[in-house]
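All remarks here apply to the structure that follows.
Fair warning: this is a prediction, and the values are worked out from it, not measured in the lab. No hydrogens, no waters, no symmetry mates; every other heavy atom, side chains included, goes into these values. For the single chain, residues carry numbers from 1 onward in sequence order.
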Amino acid sequence: MKMDDGAFYRSDFYIGLSLAIISSFFIGGSFILKKKGLLRLASKGSMRAGQGGYAYLKEWLWWAGLISMGVGEAANFAAYAFAPATLVTPLGAMSVLVSAVLSTYFLNEKLNIHGKVGCVLCILGSTVMVIHAPQEEEVASLSVMAEKLKDPGFIIFAICIVVSAMILIFFVVPHYGQKNVLVYILICSVIGSLSVSCVKGLGIGIKDLFAGTAALKEPLFWALLVCLVICVSIQISYLNKALDIFNTSIVTPIYYVFFTTSVMVCSAILFKEWLRMSTDGVVGTHMETILYCLVNP
């Protein structure tokens, strides 16, 4: 029985791994399409997203990028239902690689030696993460997920995230938003950690639904969906502002590093993924994190 359980876990692991890799290609391409759309609008003299404009909603290239991101996020959504968040999220480094390579061809953004080394580190870091990915604590249903969301540690973490985001949006953005790339990216990253938790919970609910459980009758399912819509809306808005003002080759890796760090902290608090890891697994995963941080010196 234990062998069957192990085989079942490995099967889920590889499904999640495949979906995460596919997701990276679509998301990496979406950054290029969105940036191309924003550049076309700027050349026409339309009010830019960085200045609070929403003319990009009429640009088909921007919508193509949004659809590409939607497909990538859908694959990512499914991946979270099969594999630990601390595996799926770091594999987003592949989207940094895709974006960096495509930006040199379609946006004329030069990839210097540091960028090339960063691409190699992305691949190395992803490989280390796959080898040392932690096995998350079993969350078999939405009721179990509800208990985890009530954990005092996670509640304190969520409050800190919301307060931090509000301080950034209302006090920091007006003064430094268009001067420092970190402002918009920090908002996207910290809010993103909550959106990933919502995605994980919804993924569990959908698996319950296919198993014959009336997941749609659970209030938590709809609460997670509403929270996800709010979080993703904030992320899209501020990511557009960052892409409009700063180069894609700058935004993508910085966003990735901060987003991944936020998600890994959130996942460790919510799912206790590190408790089942061996010493070499913990060391390997931290080495992977260091490699990713080196992508953006």
**Message:** If hydrophobic clusters are built by linking Ile, Leu, Val, Met, Phe, Trp and Tyr wherever their side-chain heavy atoms come under 4.5 Å apart, do Leu224 and Ile161 end up in the same one?
**Reply:** yes
**Message:** So, taking the atom named OH in Tyr255 and the one named CG in Leu243, what distance separates them when rounded to the nearest 0.5 Å?
**Reply:** 10.0 Å
**Prompt:** Using links of under 4.5 Å between side-chain heavy atoms of ILVMFWY residues, direct or through other members, which residues join Val229 in one cluster?
**Reply:** none
**Message:** Does anything in residues 216-243 form a ring-ring contact (aromatic ring centres under 6.0 Å, His included)? List the pairs, not counting sequence neighbours.
**Reply:** Tyr184-Tyr238
**Asked** To the nearest 0.5 Å, what is the distance between CG (Leu39) and CH2 (Trp62)?
**Response** 15.0 Å
**Message:** Donor-acceptor pair, distance only, cut-off 3.5 Å: does the side chain of Ser18 make one with the backbone of Tyr14?
**Reply:** yes
**Request:** For Phe31, check ring-ring contact (aromatic ring centres under 6.0 Å, His included) against everything at least two apart and list the hits.
**Result:** none
**Request:** Output the distance between atom CE (Met145) and atom CG (Leu202), rounded to the nearest 0.5 Å.
**Result:** 8.5 Å
**Asked** Knowing that exactly one of Ile191, Val172, Leu168, Ile254 qualifies, which makes a side-chain contact (heavy atoms from CB on, under 4.5 Å) with Leu186?
**Response** Leu168
**Request:** Determine whether Ile156 and Leu149 fall in the same hydrophobic cluster, where Ile, Leu, Val, Met, Phe, Trp and Tyr are linked whenever their side-chain heavy atoms lie under 4.5 Å apart.
**Result:** no
**Asked** For atom CZ of Phe246, is the number of surrounding heavy atoms from other residues, nucleotides or ligands below 6.0 Å larger than 12?
**Response** yes
**Message:** Taking atom CZ as the centre, does Phe157 end up with more than 12 heavy-atom neighbours from other residues, nucleotides or ligands that are less than 6.0 angstrom away?
**Reply:** yes
**Asked** Is Leu61 isolated, or which residues cluster with it under the ILVMFWY side-chain rule of less than 4.5 Å, directly or via members?
**Response** Leu33, Trp60
**Prompt:** How far does CD1 of Ile236 sit from CG of Leu239, to the nearest 0.5 angstrom?
**Reply:** 8.5 Å
**Prompt:** Under 3.5 Å, side chain of Ser195 to main-chain N/O of Gly192, donor-acceptor pair present?
**Reply:** yes
**Asked** SG/Cys266 to CG/Leu270 distance, rounded to the nearest 0.5 angstrom?
**Response** 6.0 Å
**Asked** Looking at Gly29 and Val98, what are the two nearest heavy atoms and their distance?
**Response** N-CG1, 4.0 Å
**Prompt:** Are Val199 and Phe26 connected in the hydrophobic side-chain network, where two residues link if heavy atoms are under 4.5 Å apart?
**Reply:** no
**Message:** Please determine whether residues Ile234 and Val232 belong to a single hydrophobic cluster, defined as Ile, Leu, Val, Met, Phe, Trp and Tyr linked transitively by side-chain heavy-atom distances below 4.5 Å.
**Reply:** yes
**Asked** So which pairs with a foot in residues 218-233 pass salt bridge (charged side-chain N to carboxylate O under 4.0 Å, His left out), sequence neighbours left out?
**Response** none
**Item:** Criterion side-chain contact (heavy atoms from CB on, under 4.5 Å) against Cys198, the qualifying member of Val226, Leu225, Leu228
**Value:** Leu228
**Message:** Strictly distance-based, threshold 3.5 Å: is any side-chain N or O of Lys34 a donor or acceptor partner for the main-chain N or O of Asn240?
**Reply:** no
**Prompt:** Are any non-hydrogen side-chain atoms of Val181 and Val251 less than 4.5 angstrom apart?
**Reply:** yes
**Asked** Heavy atoms, side chains only, cut-off 4.5 Å: are Val144 and Ile204 in contact?
**Response** no
**Item:** ILVMFWY network linking Val196 to Ile206, side-chain heavy atoms under 4.5 angstrom
**Value:** yes
**Item:** From Ser164 atom OG to Ile159 atom CD1, the distance as rounded to the nearest 0.5 Å
**Value:** 11.5 Å
**Prompt:** Backbone N or O of Val263 within a donor-acceptor pair of the Ser193 side chain at under 3.5 Å?
**Reply:** no
**Request:** Examine distances only and state if a side-chain atom of Ser30 and a backbone atom of Leu66 form a donor-acceptor pair shorter than 3.5 Å.
**Result:** no
**Request:** Ignoring hydrogens and angles, tell me if any N or O in the side chain of Ser262 forms a donor-acceptor pair with the backbone of Phe258 under 3.5 Å.
**Result:** yes
**Prompt:** Looking at Val162, Ile169, Val163, which one forms a side-chain contact (heavy atoms from CB on, under 4.5 Å) with Met166?
**Reply:** Val162
**Request:** List in chain and number order the residues that pass salt bridge (charged side-chain N to carboxylate O under 4.0 Å, His left out) with Lys150, two or more places apart in sequence or in another chain; answer none if no residue qualifies.
**Result:** Glu147
